[in-house]
Amino acid sequence: MMVDRMFMGGLVMLAAGSHLSLGFVPRETPLVVPVASRVHLEKAGAMCTVRRPLKKTPIIRMSDDDDFDFGDDDDDALSKLIGKRDVIRSTKKEAPPPSEKPVSDEEITEPKDLDVGDLDLENLPEFKTKRPMRTPKKSKEDEKKDDAVDEDDTINYIDYMADYDDENEFHIPNRIGFGTAAWGNERKGFKVGKKLKKKDIKAGRYLAGDLQLSYDTLMESGIVFVDTSESYGRALEKKSLSSEHIVGRCVDENARVDPLVASTFANPWMHLLEGGGVRFGRRGVVNALEQTCERLGVSGVELYQVPAALYLGFPNALADGLSECLDKGLCNYVGVCNMGKLRMRSMAKKMERRGASLTSNQFKFSLTNRKAWKSGLIGACKDIGVIPIAHTPLDGGLATGVYSSTNPSGGKAGGKFPYELKTLNKWQPLTSMMQTVQSKVKTRLEREKRDEQSRYKRGAQPRDINTDVTTTQIAINYVVAKGCVPIPGVKTVAQAEEVLGCLGWGLNDEEVQLLDSAADASEKGIKL
């Protein structure tokens, strides 16, 4: 019970909380107590105010003449309060449980009876605490940056040839790849080091960093098929700068796109002359691919190809070796290089008997070298489900349409003449027709782009397709139009962008026919 003030003229007995008190107070002072606990007053003779703390109740005022009857129930309530008080006091006074005897530093310095003879002190398990690691809360700007990084890690390129009727299960996005024959080859302009001098730049030399940039440019825009060989840049193999070494580094540096890597078994006789030792039999093919994967830094390649050169061993050694490479997971597909129709069909049958299939045949083909088309090799590939891959689709630059009898240097001031005037005069009809087709294609693409823009609603954007085509791009897309997969050599970013300009458009039948007619005329020496 809570007592605010006591002014009573007489002897008063109060139950305040759990205490029982007896006191003498002046007469003219009010006594304020809660109703919840009864108060024993003996002839207070003064005015007393009683109030309830949690509820609004009428105030009871007692004058000097009022009598208050104290019953037996009030005595019982007071006894209960006193009992609770005693229980609380006894609980607080209970002594805490005795603590363990403290241990001195001398007792824990070094255990005397511990046997550590069988304990491996060098391979103890790592100690881990149960406390979770706390990291600072990221701000909204940091979260946005993290989201941006996650988005940048994923490269989504456009495959304009996704609906192409492929020859087999192996699909090459956009039906264009690139070759690396010049990578690591100092004779073709590669330079070891990290910096080029002015004279090196003028001479068209390039570094491994330039190759990385060109690789990234192609990969991130949809040209993901890369062709290499153990024979490319072999002179720098000991410095880990051969073509396969450089391709492997490019793959490691750019993990945002999965490349389709193809490599080729070196000509066994050239391999021998270059000091690589003798190769023969099934095991020679398998060992070569294992070494290729080691240089590339991968467990396997997408496509492995063998050349048409004479190989030591049983007649089925090449087929047996390729079959074992497939079984071991060193490659997903197998192909051949520079094989004619008869040998290609023979190899395809050998692979079928081993439960596999021949995927590709790589050979020369360009506007200025159409032997594969005229001999029916491309058609034969289509008949048996083999992808025709065309290396040197620009024929060393002759098929680009850049060089002509009136422009033998290709527009380079003070440049060398890579071809004789006699050769340029021979191909002058084709060069002129390429310029005509270039103009036709440019006009057609611009018209198609305008039509496509008009069909799109306001705010939508049509496909970003190159309309400023070049004769080089005409030559590459001519190879695509003939059903082949061109793999032009790329050494610089400028060359990579030139190849990317071929995506999203193609030549129609009329344009292809114009080029074929002009090529026929050039081969026959007819002036158009």
On a heavy-atom basis, which atom in [X] and which in [Y] lie closest, and how many Å separate them?
X	Y	value
L207	D210	N-OD2, 2.9 Å
W427	L367	CZ3-O, 4.3 Å
F363	A372	CE1-CB, 3.5 Å
A208	F190	N-CE1, 3.7 Å
G184	L236	O-CD1, 3.3 Å
N466	G501	ND2-O, 3.2 Å

Taking only residues two or more places apart in sequence, or in another chain, which ones meet [X] in a side-chain hydrogen bond (donor to acceptor under 3.5 Å, both in side chains)?
X	answer
E497	none
D395	T368
D252	none
S299	none

Would you indicate whether the side-chain heavy atoms of [Y] and [X] approach each other to under 4.5 Å?
X	Y	result
R249	L241	yes
V298	V261	no
I387	N168	yes
V499	Q495	no
L515	V512	no
E511	N508	yes
I246	Y232	no
C325	V285	yes

Salt bridge [X]-[Y], side-chain N to carboxylate O under 4.0 Å:
X	Y	value
E230	R279	yes
D516	K482	yes
D320	R354	yes
E420	K426	no
R444	E448	yes

Let me see the working for K371 and K364 under side chain to side chain contact (heavy atoms under 4.5 Å, CB included), right down to the final yes or no. CA-CA 8 Å; K371 294 179 180 179; K364 288 184 178 181; over 6 Å; no
Going by distance alone, is a donor N or O of one side chain under 3.5 Å from an acceptor N or O of the other, for [X] and [Y]?
X	Y	result
Q305	Q362	yes
Q435	T431	no
T467	E446	no
Q212	D216	yes
S432	Q428	yes

Heavy-atom count check: over 12 atoms from other residues, nucleotides or ligands less than 6.0 Å from [X] [atom1]?
X	atom1	answer
E290	CD	yes
K191	NZ	yes
K197	NZ	no
K374	NZ	yes

Nearest-0.5 Å distance that lies between atom [atom1] in [X] and atom [atom2] in [Y]:
X	Y	atom1	atom2	answer
E324	L326	CD	CG	10.5 Å
S409	Y403	OG	OH	8.0 Å
S242	N185	OG	CG	11.0 Å
L296	H245	CG	NE2	8.5 Å
D227	S360	CG	OG	9.0 Å
I201	Y206	CD1	OH	15.0 Å

Spell out, as yes or no, whether a donor-acceptor pair under 3.5 Å connects the side chain of [X] to the backbone of [Y].
X	Y	value
N254	C250	no
T471	T400	yes
S229	T264	yes
T292	A288	yes
Q473	E498	yes
E220	V257	no
T180	S243	no

S214 vs T492, side chain to side chain contact (heavy atoms under 4.5 Å, CB included): CA-CA, chis, key distance, verdict: CA-CA 5 Å; S214 61; T492 64; 5.8 Å; no
What pairs of donor and acceptor atoms, side-chain ones from residues 169-176 against any protein atom, are under 3.5 angstrom apart with sequence neighbours left out?
{"residue": "H171", "atom": "ND1", "partner": "D166", "partner atom": "OD1", "Å": "3.3"}
{"residue": "H171", "atom": "ND1", "partner": "D166", "partner atom": "OD2", "Å": "2.7"}
{"residue": "H171", "atom": "NE2", "partner": "D159", "partner atom": "OD2", "Å": "2.7"}
{"residue": "N174", "atom": "OD1", "partner": "Y160", "partner atom": "N", "Å": "2.8"}
{"residue": "N174", "atom": "ND2", "partner": "I158", "partner atom": "O", "Å": "3.1"}
{"residue": "N174", "atom": "ND2", "partner": "G222", "partner atom": "O", "Å": "3.0"}
{"residue": "R175", "atom": "NH1", "partner": "E167", "partner atom": "OE1", "Å": "3.1"}
{"residue": "R175", "atom": "NH2", "partner": "E167", "partner atom": "OE2", "Å": "3.2"}
{"residue": "R175", "atom": "NH2", "partner": "G483", "partner atom": "O", "Å": "3.0"}

Which is it for N361 and L377 under the side chain to side chain contact (heavy atoms under 4.5 Å, CB included) test, yes or no, and what are the steps along the way? CA-CA 10 Å; N361 187 6; L377 178 58; 3.9 Å; yes
Which pairs of donor and acceptor atoms, one on a side chain in residues 341-350, lie under 3.5 Å apart (sequence neighbours left out)?
{"residue": "K341", "atom": "NZ", "partner": "S375", "partner atom": "O", "Å": "2.9"}
{"residue": "R343", "atom": "NH1", "partner": "A308", "partner atom": "O", "Å": "2.5"}
{"residue": "R343", "atom": "NH2", "partner": "A308", "partner atom": "O", "Å": "3.3"}
{"residue": "K350", "atom": "NZ", "partner": "P315", "partner atom": "O", "Å": "3.1"}

Side chain to side chain contact (heavy atoms under 4.5 Å, CB included) between F178 and Y215: does it pass, once the steps are laid out? CA-CA 9 Å; F178 64 99; Y215 174 91; 3.9 Å; yes
